[in-house]
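A short worksheet on the structure shown next.
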Protein chains: 2
Amino acid sequence: MTKDNVQGAGEEEQQAQSKKALKKQQKEAEKAAKKAEKQAKLAAEQQEADEDDFAKDRYGICPMVQSQQKLDRALVRVQDLTPEKAEQQIWVRARIHTSRAKGKQCFLVLRHQQFTVQALLAVGDRASKQMVKFAANLTKESIIDVEAVVKKVEQKIESCSQQDVELHVERIFVISQSEARLPLQLEDAVRPEGEGDEEGRATVNQDTRLDNRVIDLRTTTSQAIFRLQSGVCQLFRDTLINKGFVEIQTPKIISVFRAEDSNTHRHLTEFVGLDIEMAFNYHYHEVIDSITDTMVQIFKGLRDRFQTEIQMVNKQYPSEPFKFLEPTLRLEYKEAVAMLKAAGVEMGDEEDLSTPNEKLLGRLVKDKYDTDFYVLDKYPLAVRPFYTMPDPNNPKYSNSYDMFMRGEEILSGAQRVHDAQLLTERAMHHGIDLEKIKAYIDSFRYGAPPHAGGGIGLERVTMLYLGLHNVRQTSMFPRDPKRLTP
Amino acid sequence: MTKDNVQGAGEEEQQAQSKKALKKQQKEAEKAAKKAEKQAKLAAEQQEADEDDFAKDRYGICPMVQSQQKLDRALVRVQDLTPEKAEQQIWVRARIHTSRAKGKQCFLVLRHQQFTVQALLAVGDRASKQMVKFAANLTKESIIDVEAVVKKVEQKIESCSQQDVELHVERIFVISQSEARLPLQLEDAVRPEGEGDEEGRATVNQDTRLDNRVIDLRTTTSQAIFRLQSGVCQLFRDTLINKGFVEIQTPKIISVFRAEDSNTHRHLTEFVGLDIEMAFNYHYHEVIDSITDTMVQIFKGLRDRFQTEIQMVNKQYPSEPFKFLEPTLRLEYKEAVAMLKAAGVEMGDEEDLSTPNEKLLGRLVKDKYDTDFYVLDKYPLAVRPFYTMPDPNNPKYSNSYDMFMRGEEILSGAQRVHDAQLLTERAMHHGIDLEKIKAYIDSFRYGAPPHAGGGIGLERVTMLYLGLHNVRQTSMFPRDPKRLTP
């Protein structure tokens with residue numbers, strides 16, 4: 001693409017565009033033109049240099065991969081670079097994680113996903129002075145293909161995931177160039193908060209992270225978080241499918257939305273809900289038992305299969321291992337209120353738990369029962385939605401429950417009213433327009449089994465299992481009242 | 001709940017409610033009152049009858065299951081009622097599927113999920129005249145608990161899924177009553193369309209089905225459809241997790257939505273997308289191969305694990321078994337146009353496929369290659385979105401593809417432009433406001449691997465695998481321009 005092409009396209013569209021957009025486009029075009037100029041200059045320099053460069057065919061910038069050809073060349077993954085591959089000549093595709101030139105040598109750390117390996121270029125038989133200079137000038141985060149010989153190292157390379165080998169590079173080609181100025185540095189983005197202060201080094205604040213989420217997602221911490229979250233989904237579904245559940249997809253476009261306060265560390269405008277609904281025979285505790293067993297299977301699966309990811313996150317955000325009991329601890333709301341009152345909290349018996357009280361309760365429960373996971377059962381009827389089944393023995397309470405991880409709610413659930421008449425009565429009591437929920441009420445008119453369920457907040461489970469402190473860390477592209485992009 | 005209670009609650013809320021809502025509420029209250037009156041009358045009648053009824057404790061209407069008690073009583077599932085259980089005394093919870101009184105006997109067909117069993121009450125030692133009458137008067141779709149002895153039968157019961165046994169009922173209690181007038185009959189809802197016409201019997205039209213989806217979902221056909229759909233999701237994810245993919249959750253709240261014509265048999269306002277994105281090394285066909293292999297794993301899994309469900313759906317909607325090749329057939333767009341032209345279609349080389357031509361092509365491909373699944377590769381650049389990678393060898397074409405099942409598109413995909421500069425140029429060419437897609441373009445500025453992907457329409461895969469003809473059958477609660485409920 002040349003400068004002329006870009007301007008030509010601009011003219012065609014000019015009439016349909018606002019002035020502002022046009023300005024932007026001109027700016028883009030100028031930027032593109034500058035880039036093209038710079039590349040032309042580089043090319044000219046290189047041509048000049050090429051004339052006396054024996055290695056000129058061993059490095060360079062590839063044309064954009066546009067599927068021009070089907071190359072029969074195997075690429076080895078960084079994670080597979082182990083001593084078993086020593087002395088082998090291989091090709092690797094990876095990002096430049098860090099780069100350091102030192103005399104006639106250039107050290108690169110290459111990264112793919114959460115794995116890193118050291119690579120070395122040295123002026124000699126296989127690399128010219130120009131080639132080493134070329135490598136040293138490559139921008140961080142660029143993606144390159146290198147041909148190299150795998151070499152065992154005598155001293156472990158502590159800064160890389162692949163500690164026993166390094167790559168001696170013989171060819172190096174750029175697949176995708178990164179802009180030179182990164183909006184954040186990956187090494188800053190994984191630095192534990194305290195450590196940065198002490199050593200006068202930078203850490204990255206949350207808005208910068210989220211504004212540049214595409215880069216932030218490349219850190220070992222982010223890679224570990226989202227791999228573990230994928231594991232939560234998988235464990236949740238596998239456990240339930242084994243129990244005979246069927247996965248269903250419900251509509252998201254509905255006429256009534258529930259608005260929540262999203263300006264907190266644990267609320268998002270949009271979150272992923274893993275929901276369970278289950279018919280039971282006699283008592284909704286059958287459903288509580290199914291849900292808690294599912295959660296326990298998730299905790300065990302994470303502990304047994306995702307220990308590497310847990311350790312990676314702990315490096316930046318240290319936390320105690322997640323503790324849980326079998327069977328799961330179940331407390332009644334009344335008992336919780338009594339525990340809080342005994343700890344000096346003033347609150348009414350039928351008052352909802354404030355966030356600080358919820359957290360305090362979590363600490364009291366942890367001290368007394370040594371668990372990070374428990375169920376709080378039998379909430380006051382007044383603080384639950386209209387479709388919650390009242391307690392048959394005490395009209396002030398209800399057959400409803402929340403589940404907590406590290407003192408924060410991750411699931412809210414209840415026995416649902418399955419009788420159209422009682423449901424109508426409860427909706428009227430709550431001042432709800434019956435016309436708006438007609439389809440919902442009518443669905444119970446033709447025989448409905450007693451049932452209960454609950455909704456699990458996926459981002460919260462990931463956050464709290466890992467002992468993180470903001471749900472935006474466990475949402476890939478979080479949405480809140482102030483953020484609709486990227 | 002009494003009539004007084006309902007009106008009392010009405011008064012409290014009166015001020016906050018519109019007149020219309022109040023009218024509705026009064027209607028509801030009157031309805032509830034009538035129901036209460038009727039129940040009182042029934043109770044009086046029963047009390048009278050009880051006086052000379054030796055079986056009076058063996059039947060009745062249970063109070064609403066409000067988790068009053070934890071009963072230590074095992075319930076046997078209908079699907080587990082086999083000859084091995086013969087002569088055992090058991091409890092079963094199920095719906096009344098059909099009911100037929102005959103002299104001193106009452107035959108019920110009991111249903112749980114997609115399974116049915118015959119149950120018999122006969123006046124004698126274990127059941128009184130009143131008890132049989134009570135059973136005969138129960139409304140269809142009500143949920144009941146029965147205690148019964150399992151009996152082997154000499155002649156197979158063709159009308160039930162459990163053909164070798166029947167239940168001799170000794171106790172019968174109602175758990176949840178259905179209203180007497182059902183908006184649709186389940187036996188009508190599973191009748192093959194032609195058959196209804198021939199025998200002068202009713203079938204159920206689609207709007208009635210969808211207006212009463214809660215009942216329509218109880219048919220064996222619906223049960224089979226959604227169990228198979230759950231299987232599609234499971235097979236899709238298991239296959240990809242095994243290939244090393246990570247499941248991610250993307251935001252649904254974004255600033256730009258793409259509107260599609262939803263007034264067709266295969267478009268919904270809301271659908272479930274199973275999306276894949278994958279970095280590749282040299283050629284986007286690496287991604288096509290991964291996706292087609294995933295589809296083949298899904299087809300095989302459905303064929304091997306969901307044969308019962310496929311047969312159930314075929315009973316109502318007969319179709320040929322789904323055929324596929326290994327490796328998957330891949331045609332170029334040019335070839336498809338040539339096939340269509342040879343079949344008499346007039347169309348331009350760079351024209352998009354119309355729906356009739358798409359279907360015709362499906363038939364031509366089936367005739368020639370004997371497959372219901374194939375890939376159409378190298379679409380004209382002009383008919384694809386701006387982020388599609390142009391073909392490096394011919395600027396009129398692109399590195400993009402659709403996949404088809406039984407002649408209808410189920411996936412659209414492409415190599416994506418991974419270069420910010422080319423992406424900007426392409427967006428400008430399409431007259432797109434760059435400001436609105438800034439975050440998207442910027443995400444490619446810091447090194448991006450060549451990648452391709454595609455979005456699979458879950459409802460379409462289910463519909464076309466089963467040879468169904470409307471995507472609303474495979475969406476649990478479909479949304480289109482005319483439907484926002486239930």
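Order of the sequence lines sets the chain letters (A, B, ...), proteins ahead of strands, with each chain counted from 1. As the structure is a computational prediction, the values presented were derived from the model and not from experiment. Both backbone and side-chain heavy atoms feed into the values below; hydrogens, waters and symmetry mates do not.
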Can you tell me which portion of [X] sits under 4.5 Å from chain A's heavy atoms? Options are side chain, backbone, both or neither.
X: Pro390(B); value: both
X: Ile441(B); value: neither
X: Tyr440(B); value: neither
X: Pro449(B); value: both
X: Asn281(B); value: both
X: Val65(B); value: both
X: Lys31(B); value: side chain
X: Leu71(B); value: both
X: Phe226(B); value: backbone
X: Leu458(B); value: side chain

If you round to the nearest 0.5 Å, how far is [atom2] of [Y] from [atom1] of [X]?
X: Thr485(B); Y: Ile437(A); atom1: OG1; atom2: CD1; result: 13.5 Å
X: Ile248(B); Y: Arg227(A); atom1: CD1; atom2: CZ; result: 11.5 Å
X: Thr250(B); Y: Glu270(A); atom1: OG1; atom2: CD; result: 8.0 Å
X: Lys70(B); Y: Tyr284(A); atom1: NZ; atom2: OH; result: 8.0 Å

- Item | Arg93(A) to Tyr282(B), cation-pi by 6.0 Å centre distance and 45° axis angle |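 Yes, Arg93(A) sits over the ring of Tyr282(B).
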Options [options], ranked by heavy-atom pairs under 4.5 Å with chain B, top entry:
options: Arg237(A), Gln229(A), Gln68(A); answer: Arg237(A)
options: Asp419(A), Ile175(A), Val417(A), Ile215(A); answer: Ile215(A)
options: Lys140(A), Lys438(A), Arg213(A), Arg218(A); answer: Arg218(A)
options: Gln234(A), Lys35(A), His418(A), Arg73(A); answer: Arg73(A)
options: Pro478(A), Pro183(A), Gly231(A); answer: Pro183(A)
options: Ala439(A), Pro486(A), Pro392(A), Ser176(A); answer: Pro392(A)

Test your reading of the model: is there a side-chain donor-acceptor pair from [X] to the backbone of [Y], 3.5 Å cut-off?
X: Arg479(A); Y: Pro251(B); result: no
X: Asn399(B); Y: Gln66(A); result: yes
X: Ser230(A); Y: Glu247(B); result: yes
X: Arg445(A); Y: Ser178(B); result: no
X: Gln177(A); Y: Tyr446(B); result: no

[X] versus chain B, heavy atoms under 4.5 Å apart: side chain, backbone, both or neither?
X: Thr269(A); value: both
X: Val246(A); value: both
X: Ile241(A); value: side chain
X: Gln69(A); value: backbone
X: Asp391(A); value: backbone

Where [X] and [Y] come nearest, the two heavy atoms and their spacing:
X: Met476(A); Y: Gln249(B); value: CB-O, 4.0 Å
X: Val214(A); Y: Ser443(B); value: CG2-CB, 3.4 Å
X: Ala448(A); Y: Ile143(B); value: C-CD1, 3.4 Å

- Item | Residue, of Glu459(B), Glu286(B), Gln415(B), Arg181(B), that accumulates the most heavy atom pairs under 4.5 Å with chain A |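 So the answer, after comparing Glu459(B), Glu286(B), Gln415(B), Arg181(B), is Gln415(B).
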- Message: I'd like to know which of Ala180(B), Ser142(B), Ser67(B) tops the heavy-atom pair count under 4.5 Å against chain A.
- Response: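 The residue among Ala180(B), Ser142(B), Ser67(B) with the greatest pair count is Ser67(B).
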